[in-house]
Amino acid sequence: MISATEFKQRRHALMGRMDGNSIAIIPSANEVMRNSDVDYPFRQDSDFYYLTGFDEPEAVLVLIPGSEVAETLLFCRAKDQKMELWNGYRCGPDDAPTRYGVDDAFPIDDINEILPSLLEGRAKTYYAIGRNKILDESIAGWVNDLRGRARSGVQIPTDFSDLNHHLHDLRLFKSAAEQAIMRQAGEISARAHCRAMQLCEPGMYEYQLEADILHEFHQSGARLPAYNSIVGSGDNACVLHYVENRRKMEAGDLVLIDAGCELEYYAADITRTFPVNGVFTQEQAALYRIVLEAQKAAIASVKAGAHWNVVHDTTVDVIVDGLMELKLLKGSREEIIEKRRYSDFYMHRAGHWLGMDVHDVGAYRIDDHWRCLEPGMTFTVEPGIYVSPSNSDVDARWRGIGIRIEDNVLVTKSGCDVMTDGVPKEIDDIQRLMAG
Ligand code: GLY
Ligand code: MN
Ligand code: MN
């Protein structure tokens with residue numbers, strides 16, 4: 001659990017990076033309609049949640065470092081007995097300061113009266129434009145009103161800037177509490193993949209395996225997946241973002257499952273690929289071994305001080321060597337790598353930051369150089385090989401095989417911890433689990 005103290009520390013760390021005499025305006029997510037009278041499940045905006053722990057829509061956090069009146073303010077929905085009876089509990093501004101540790105709170109309906117006076121006299125406004133249309137327009141309106149009062153000596157904010165650079169750099173480094181939640185999300189997700197391996201058999205539909213994954217998430221307290229689960233069998237394993245999940249699986253297919261739960265706003269992101277009938281064919285095993293070797297070599301390359309791109313380059317080296325050995329790639333190794341001729345088989349990068357968002361925030365490059373890894377960073381390692389069913393350059397026996405293996409790692413001082421090692425990835429271990 002993230003404590004109220006930690007949320008407060010985050011706000012203060014961010015305010016410490018803001019310029020003098022500035023103000024930051026950070027909106028919550030809003031509810032989104034799915035179809036008539038039905039909303040998508042509400043998920044708070046990650047930036048907003050990171051700074052508040054507040055999980056209601058229609059809210060705005062305002063930070064004013066150095067203010068003698070209130071440095072942290074929350075605008076939120078007012079209490080409303082009738083609305084709460086229909087749609088559920090609201091915290092309300094009276095309780096927000098004690099519950100969420102902000103200095104003051106106001107009803108969101110009063111924001112038009114209160115916020116313009118807070119903007120007045122500020123040299124700089126931090127606001128990520130383009131993500132919340134209503135607030136974009138409100139802020140433009142407030143600034144225009146202030147301009148209209150310039151002759152009476154009102155100081156108008158002229159410098160607008162995005163806060164994300166500072167905020168996302170904070171989010172990139174996970175605290176002990178965040179690491180503990182992410183480990184737990186990894187354990188739950190690993191158990192879900194084990195369950196899918198154990199229950200899979202020819203004749204099942206992909207969505208039934210998806211149901212087994214979701215079953216384990218829910219039984220373990222994770223109400224939502226961190227992203228739409230991919231359950232791709234046969235040729236579908238070669239479609240990177242396949243989410244239809246409606247094919248009937250057959251003996252002889254591989255099935256690729258890319259699924260992870262979201263626990264207390266933190267994501268896990270695991271991929272395993274295994275044979276529907278529990279036994280790899282020769283071709284499947286040959287390609288699988290290459291991906292596994294690439295993934296293990298990449299994980300071994302993770303250590304503080306290594307460049308981010310070393311992890312990807314390691315996977316490319318192993319995959320190119322393996323595909324050359326199987327004669328799926330021919331010609332000069334140097335040229336294959338330089339011209340990225342392997343990208344017919346391996347077209348994505350080896351991983352991404354992982355955290356509150358599955359593709360988490362944080363810069364990968366700094367001043368035109370790949371970033372160096374540091375303790376506390378968390379990311380995925382997920383090489384793959386996908387032989388398109390329509391690839392006429394290769395022998396038919398390889399076509400339609402898609403394999404990815406993905407784990408989540410935490411950079412430590414001496415290397416890394418794999419947070420998702422509760423699900424097997426060695427061929428023998430998978431076959432044994434499926435047989436048992
Ligand atoms: N599940 C999304 C990804 O692996 O990047
Ligand atoms: Mn994934
Ligand atoms: Mn991933």
Side-chain angles (χ1 to χ4, degrees), residues 1-14 43-55 99-101 167-195 213-227 229 258-272 299 302-304 306 308 311 351-362 371 373-382 406-425:
M1 209 182 89
I2 307 294
S3 66
T5 313
E6 185 159 338
F7 283 113
K8 195 165 189 166
Q9 280 166 354
R10 293 170 175 180
R11 292 192 289 272
H12 282 273
L14 183 59
R43 170 31 164 99
Q44 188 56 281
D45 176 82
S46 298
D47 286 338
F48 183 88
Y49 192 85
Y50 180 82
L51 293 169
T52 60
F54 188 69
D55 61 1
R99 289 198 48 197
Y100 296 95
L167 176 53
H168 294 174
D169 205 56
L170 292 175
R171 278 180 54 190
L172 180 56
F173 295 90
K174 274 64 179 180
S175 69
E178 289 176 295
Q179 291 172 22
I181 298 171
M182 289 185 71
R183 274 182 213 286
Q184 212 186 334
E187 283 164 19
I188 293 169
S189 304
R191 278 206 303 276
H193 279 261
C194 288
R195 180 182 169 92
I213 293 272
L214 295 177
H215 173 94
E216 193 64 42
F217 291 175
H218 283 204
Q219 292 296 340
S220 305
R223 272 279 281 116
L224 290 174
Y227 53 94
S229 308
D258 184 343
C261 73
E262 179 171 287
L263 186 72
E264 294 177 43
Y265 279 87
Y266 288 85
D269 182 8
I270 302 182
T271 307
R272 288 292 185 269
I299 290 174
V302 175
K303 55 170 187 266
W308 163 253
V311 183
H352 49 82
W353 304 132
L354 180 74
M356 297 184 74
D357 294 310
V358 62
H359 291 175
D360 208 29
V361 294
R371 181 168 208 145
L373 299 178
E374 295 177 57
M377 291 174 166
T378 45
F379 59 93
T380 67
V381 183
E382 51 176 308
E406 174 173 29
D407 280 303
N408 305 160
V409 300
L410 161 70
V411 183
T412 62
K413 278 192 189 132
S414 54
C416 74
D417 283 352
V418 180
M419 298 184 284
T420 46
D421 57 6
V423 51
K425 57 186 176 186

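These numbers come from a predicted model, not from an experiment.
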Would you call [X] and [Y] a side-chain contact if the rule is heavy atoms closer than 4.5 Å?
{"X": "Asp407", "Y": "Thr380", "result": "no"}
{"X": "Arg183", "Y": "Asp417", "result": "yes"}
{"X": "Ile181", "Y": "Met1", "result": "no"}
{"X": "Phe7", "Y": "Leu51", "result": "no"}
{"X": "Pro225", "Y": "Cys261", "result": "no"}
{"X": "Val361", "Y": "Leu172", "result": "no"}
{"X": "Leu410", "Y": "Met182", "result": "no"}

If we ignore hydrogens and angles and just use 3.5 Å, is the side chain of [X] paired with the main-chain N or O of [Y] as donor and acceptor?
{"X": "Trp353", "Y": "Phe379", "value": "no"}
{"X": "Glu178", "Y": "Ser175", "value": "yes"}
{"X": "Arg191", "Y": "Phe217", "value": "no"}

With rounding to the nearest 0.5 angstrom, report the [atom1] to [atom2] distance, [X] to [Y].
{"X": "Cys416", "Y": "Met377", "atom1": "SG", "atom2": "CE", "value": "13.5 Å"}
{"X": "Met356", "Y": "Gln44", "atom1": "CE", "atom2": "CD", "value": "9.0 Å"}
{"X": "Lys174", "Y": "Thr378", "atom1": "NZ", "atom2": "OG1", "value": "3.5 Å"}
{"X": "Leu214", "Y": "Ser229", "atom1": "CG", "atom2": "OG", "value": "5.0 Å"}
{"X": "Ile270", "Y": "Met419", "atom1": "CD1", "atom2": "CE", "value": "9.5 Å"}
{"X": "Glu374", "Y": "Lys303", "atom1": "CD", "atom2": "NZ", "value": "15.0 Å"}

Between the side chains of [X] and [Y], does any donor sit under 3.5 Å from an acceptor?
{"X": "His193", "Y": "Glu216", "value": "no"}
{"X": "Ser46", "Y": "Asp357", "value": "yes"}
{"X": "Asp269", "Y": "Tyr227", "value": "yes"}
{"X": "Thr420", "Y": "Asn408", "value": "no"}
{"X": "His168", "Y": "Asp47", "value": "yes"}

With sequence neighbours excluded, what pairs up with [X] under the side chain to side chain contact (heavy atoms under 4.5 Å, CB included) test?
{"X": "His12", "value": "Lys8, Met15, Glu71"}
{"X": "Arg223", "value": "His218"}
{"X": "Asp421", "value": "Val418"}

(request) Applying salt bridge (Lys or Arg N to Asp or Glu O under 4.0 Å), run through Arg272 and Glu406 and close with a yes or a no. (result) CA-CA 7 Å; Arg272 288 292 185 269; Glu406 174 173 29; over 6 Å; no

(message) Applying ring-ring contact (aromatic ring centres under 6.0 Å, His included) to Tyr266 and Tyr49, what does each step give before you reach the verdict?
(response) CA-CA 11 Å; Tyr266 288 85; Tyr49 192 85; 8.3 Å; no

Any salt bridge linking [X] with [Y]? Criterion: basic side-chain nitrogen under 4.0 Å from a carboxylate oxygen.
{"X": "Asp169", "Y": "Arg371", "result": "yes"}
{"X": "Arg10", "Y": "Glu6", "result": "yes"}
{"X": "Asp55", "Y": "Arg43", "result": "no"}

If I compare all heavy atoms of [X] with all of [Y], which pair ends up nearest, and what's the gap?
{"X": "Ala185", "Y": "Ala268", "answer": "O-CB, 3.6 Å"}
{"X": "Pro424", "Y": "Cys194", "answer": "CD-SG, 3.9 Å"}
{"X": "Ala226", "Y": "Ala267", "answer": "CB-CB, 3.5 Å"}

